[in-house]
Protein chains: 2
Amino acid sequence: MLTSSQQQLLRVISQSGPLSRTVLAASMGLSKAAMSGIARDLISLGVLHETETIYGQGRPSILLDLHPEGAFFVGISLLEDPAPMVLSDFNGNIVARQTMPRSRDPEIIAESIAEMLPRLLTEREDALRKLYGIGIALSGFVDEKQANCVQSTLLGWKDAPLASIVRQKTGIDTFIENDAKAVAVSEKLFGSTRDVQNFSVVSFDEGIGCAHFIGGNLYRGNHGGAGEIAHCTIEPNGSPCRCGKRGCLDTVASMKAIKEMAKAEGLACNSLDDLEAEASLGNAAAIRILHRAGNALGLAIAHLIQFNDPGMILITHVEGRFDGLFGTVMRQAAEANVLPRYAGQTPIRTQRVDGDVWARGAASIAAHNFLIGPTPN
Amino acid sequence: MLTSSQQQLLRVISQSGPLSRTVLAASMGLSKAAMSGIARDLISLGVLHETETIYGQGRPSILLDLHPEGAFFVGISLLEDPAPMVLSDFNGNIVARQTMPRSRDPEIIAESIAEMLPRLLTEREDALRKLYGIGIALSGFVDEKQANCVQSTLLGWKDAPLASIVRQKTGIDTFIENDAKAVAVSEKLFGSTRDVQNFSVVSFDEGIGCAHFIGGNLYRGNHGGAGEIAHCTIEPNGSPCRCGKRGCLDTVASMKAIKEMAKAEGLACNSLDDLEAEASLGNAAAIRILHRAGNALGLAIAHLIQFNDPGMILITHVEGRFDGLFGTVMRQAAEANVLPRYAGQTPIRTQRVDGDVWARGAASIAAHNFLIGPTPN
DNA sequence: TTGATTTGTTTATTTCCTGAACTTATTGTC
DNA sequence: GACAATAAGTTCAGGAAATAAACAAATCAA
């Protein structure tokens, strides 16, 4: 689709924001002459456009940026039923929205997508010509070609070639990805980790997901399982987990676990905020639960830091706030369990996200393939 | 030094072993025509040579392999005093050996190297022309250019530009690297993980080191600290560690810790083998220590697998055997603490290495820079 | 012996990049 | 306000590294 130099240019801009041709040339190790042509081609493709003019000494420089309406992508989340389906522009903004029924049959999913696609695009007629890909987020393991779902408990799949079925039915390039990894990609492309080469995103929700970017690339792992921190043993000989072993992070620190612990303690709490409120009123059980969960998550994050030395840990959460007891204990535990010399060296950011995370993440998978190409690992 | 295509060719051969021009072309995504020229140049450089002829249908193919005497590298280990200094050929074999005094002054180290270099090379006169680099392994953190030692407690350094000092005094390209990372590189280039893209090497000795290869490249981490598993909290509220916190893997599972625990129990054991022998005779204290240490190392390795899903874990050890109680418990703990579905999916290999590991690792750092170029992360 | 088959080389051509000269658009200075 | 200084971006001739296609070489099979 694009040459490797064109993709490199887009990659640099998506990491660093708008840049002039001269700066781009320098940072890509190319001559101004080469840059001139590459930029011209991308501009005439409609993907790039000139924005601000910067005045200094000499001829002013013209910043180049991705054209927000230069490319559109569809993102579908198979985590919910009905499945959200969004249209994203080149900035990751959602410009249209639909839902479709979720099925466990890949063929039916593909048909639903093909059927809903025109309706999604009615609001933005120009997007049809510039629709460069479909991304699908799901709970499960995905191969490195982002084509086959190797295994999904939720959907009951084993080696489901979903991407090629959808591609065939819609005629549009399609890529699938694990939910947590899709969120990490969207943060890298459109979010707060654009310029960070090495980071891990922890998605905190009913379950706990995690994905690593290493060397500027998503790292999927040898079986697609990199980042599966939910089932690391955090409380040896702790409570049994649905995975079969004991003391997994998931049994202590996920929202599901927190709610269950609250219920077991007889607390009428339906959200993290409820529980935080109880704790701040001095409820011992609430405090105990938040401490236990925060400590567990903090220890897991400390391990992440010790093992992988990322430049940032980003925790995305749909529900709740992270500035209460839970978040504080989590941070303290993370600091206390890394090499003291390291403590505080790795920023841990929390970020509240809306219900569109997964669909937006899915769309970013398609955008990533267009902008940068397939993920290498 | 070499073009990127030349480096890519050398990289492929070092990963896959001898290959024909046609196969090389296919696996590098180049035409046979291009390959013809690249191979010719490398052969006339003396780096590559034709080996076996494979007969089949059609014209026989001629395998190309690295010429063992095509390039030589010097490796120095600053982990011991006196510091070992070896000359390695292109296969990672040590062809000459010396020692030099270790100093805490980079200038003096550089002078010692410059002084000892001719003596190291007397045994192999041809190596001088083909000496393409010096590698130095040390205990500490190294920047991604492999030029500066950011921090070393053992040597008392902070931002020591050792590589450039040595380069200046010897006139030879010099690179430094952390000890565990150097061992991982030598395993990737010359050892048993050549064809594995994602793996972690755990070096088990007085201390415990670890380094990751991800996507075929050494991953150094954002502060050079990736792989520092020795100080991950493995026994919350465990024994105090010299690092300042408690329950680090290093306080339970390193040879240093094992020996100290044995001493504290009044056992006269000076090696792992001694302790294993005691345990096999039914000594309860010895069994307890080996269980505790094995469990701790196994849990840490399980975390490695859960977090990073590597294709292999390679444990290198100078001392002892890994087929006794310690190794068995370690393997059991590793299996028991990963997702049951994953159990057994990640090979855990142990490999006994000799006292040259660190110096050989150091030499491989120089070889890596010549063969493949600088490490990207 | 002849044809099939496959490896590896040669040659003309294409693609992508560079270097150097040039054009353009501005600021600063006399 | 003219003109130098400065820096951005373009143009164009030329070169490096790739390709495609034809060809030469070395074997097996009938």
Side-chain angles (χ1 to χ4, degrees), chain A residues 1-13 16-67 70 370-373, chain B residues 1-13 16-67 70 370-373:
Chain A
M1 192 91 196
L2 300 177
T3 70
S4 68
S5 290
Q6 287 174 328
Q7 288 194 330
Q8 198 191 345
L9 189 156
L10 296 178
R11 178 176 210 152
V12 170
I13 288 200
S16 311
L19 295 173
S20 72
R21 290 170 176 82
T22 305
V23 172
L24 276 168
S27 74
M28 288 171 61
L30 293 180
S31 63
K32 290 193 296 173
M35 186 52 59
S36 193
I38 296 167
R40 190 193 307 122
D41 295 347
L42 285 173
I43 289 170
S44 71
L45 262 176
V47 173
L48 214 60
H49 73 330
E50 302 189 335
T51 56
E52 210 179 337
T53 304
I54 303 285
Y55 297 91
Q57 212 163 28
R59 176 171 169 177
S61 60
I62 304 162
L63 299 188
L64 299 175
D65 199 3
L66 303 184
H67 191 109
F370 176 73
L371 265 170
I372 293 165
Chain B
M1 194 91 195
L2 300 177
T3 69
S4 67
S5 290
Q6 287 174 328
Q7 289 193 330
Q8 197 191 344
L9 189 157
L10 296 178
R11 177 175 211 152
V12 170
I13 287 200
S16 312
L19 295 174
S20 72
R21 290 169 175 83
T22 304
V23 173
L24 277 168
S27 74
M28 288 170 62
L30 292 180
S31 63
K32 291 191 295 173
M35 187 53 58
S36 193
I38 295 168
R40 190 192 307 121
D41 294 349
L42 285 173
I43 289 170
S44 70
L45 262 175
V47 173
L48 214 60
H49 72 328
E50 301 188 335
T51 56
E52 209 180 339
T53 305
I54 303 285
Y55 297 92
Q57 209 163 32
R59 177 174 168 174
S61 59
I62 303 161
L63 299 189
L64 299 176
D65 199 2
L66 304 184
H67 191 108
F370 176 73
L371 265 170
I372 293 166

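What's counted below: heavy atoms across the whole structure, side chains too, no hydrogens, waters or symmetry copies.
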Would you give me the side-chain donor-acceptor pairs under 3.5 Å for residues 31-44 of chain A, sequence neighbours excluded?
{"from": "A/S31", "atom 1": "OG", "to": "A/A34", "atom 2": "N", "distance (Å)": "3.1"}
{"from": "A/S44", "atom 1": "OG", "to": "A/R40", "atom 2": "O", "distance (Å)": "3.4"}
{"from": "A/S44", "atom 1": "OG", "to": "A/D41", "atom 2": "O", "distance (Å)": "3.0"}

Counting primed atoms, P, OP1 and OP2 as sugar-phosphate and everything else as base, the B/S/- map of nucleotides 20-25 of chain D against protein heavy atoms under 4.0 Å is B----B
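- Among D/dT11, C/dT7, D/dA26, the nucleotide with an atom closest to any side-chain atom of A/S36 is D/dT11.
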With side-chain contact (heavy atoms from CB on, under 4.5 Å) as the test, would you mind laying out the steps for A/L10 and A/L48 before giving the verdict? CA-CA 8 Å; A/L10 296 178; A/L48 214 60; 4.0 Å; yes
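- Atom CG in B/D41 sits roughly 12 Å away from atom P in C/dT9 (whole-Å rounding).
- The distance from atom CD of A/Q6 to atom P of C/dT15 is 14 Å, rounded to the nearest whole Å.
- Contacts between residues 17-25 of chain B and DNA chain D, counted as heavy-atom distances below 4.0 Å, involve no residue at all.
- Proximity of B/S5 to the phosphate of D/dA18: a side-chain N or O atom is located under 4.0 Å from OP1 or OP2.
- Helix-axis bend for the helix from C/dT1-D/dA30 to C/dC30-D/dG1: the local axis fitted to the five terminal pairs at one end deviates from that at the other end by 0°, rounded to 10°.
- One interatomic measurement links the two molecules: CZ of A/R40 to P of D/dC12, which rounds to 10 Å at whole-angstrom precision.
- The line from CG of A/L9 to CG of A/L30 is 9.0 Å long, rounded to the nearest 0.5 Å.
- Rounding to the nearest 0.5 Å gives a distance of 5.5 Å between CD1 of A/I62 and CZ of A/R21.
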Stepwise side-chain contact (heavy atoms from CB on, under 4.5 Å) test for B/Q6 and B/T3 | CA-CA 5 Å; B/Q6 287 174 328; B/T3 69; 3.2 Å; yes
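- The distance from atom CD of B/Q7 to atom C1' of D/dA17 is 16 Å, rounded to the nearest whole Å.
- We find that CE of B/M28 is positioned 12 Å from C1' of D/dA18, with the value rounded to whole Å.
- Using a 4.5 Å cut-off on side-chain heavy atoms (C-beta onward), A/Q7 and A/L2 make contact.
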Any chance you could lay out the side-chain contact (heavy atoms from CB on, under 4.5 Å) test for A/R11 and A/I372, step after step, and finish with the verdict?
CA-CA 6 Å; A/R11 178 176 210 152; A/I372 293 165; 3.5 Å; yes
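- Residues meeting the side-chain contact (heavy atoms from CB on, under 4.5 Å) test with B/S61, sequence neighbours left out: B/S20, B/I54.
- Remark: side-chain polar atoms of B/S27 are paired, donor with acceptor, to backbone N or O of B/L24 under 3.5 angstrom.
- In this structure, CD1 of B/I38 is placed 15 Å from P of D/dA16, rounded to the nearest angstrom.
- Listed by residue number, there are no residues of residues 42-56 of chain B with a heavy-atom contact under 4.0 Å to DNA chain C.
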Any chance you could lay out the side-chain contact (heavy atoms from CB on, under 4.5 Å) test for A/M28 and A/V12, step after step, and finish with the verdict? CA-CA 8 Å; A/M28 288 171 61; A/V12 170; 3.9 Å; yes
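- Remark: C1' of D/dA18 and CG of B/L30 are 8 Å apart, rounded to the nearest angstrom.
- When rounded to the nearest whole Å, the span between CD1 of B/I62 and P of C/dT6 equals 17 Å.
- Of the possible donor and acceptor atoms, one in the side chain of A/H49 sits under 3.5 Å from a partner among the backbone N and O of A/D65.
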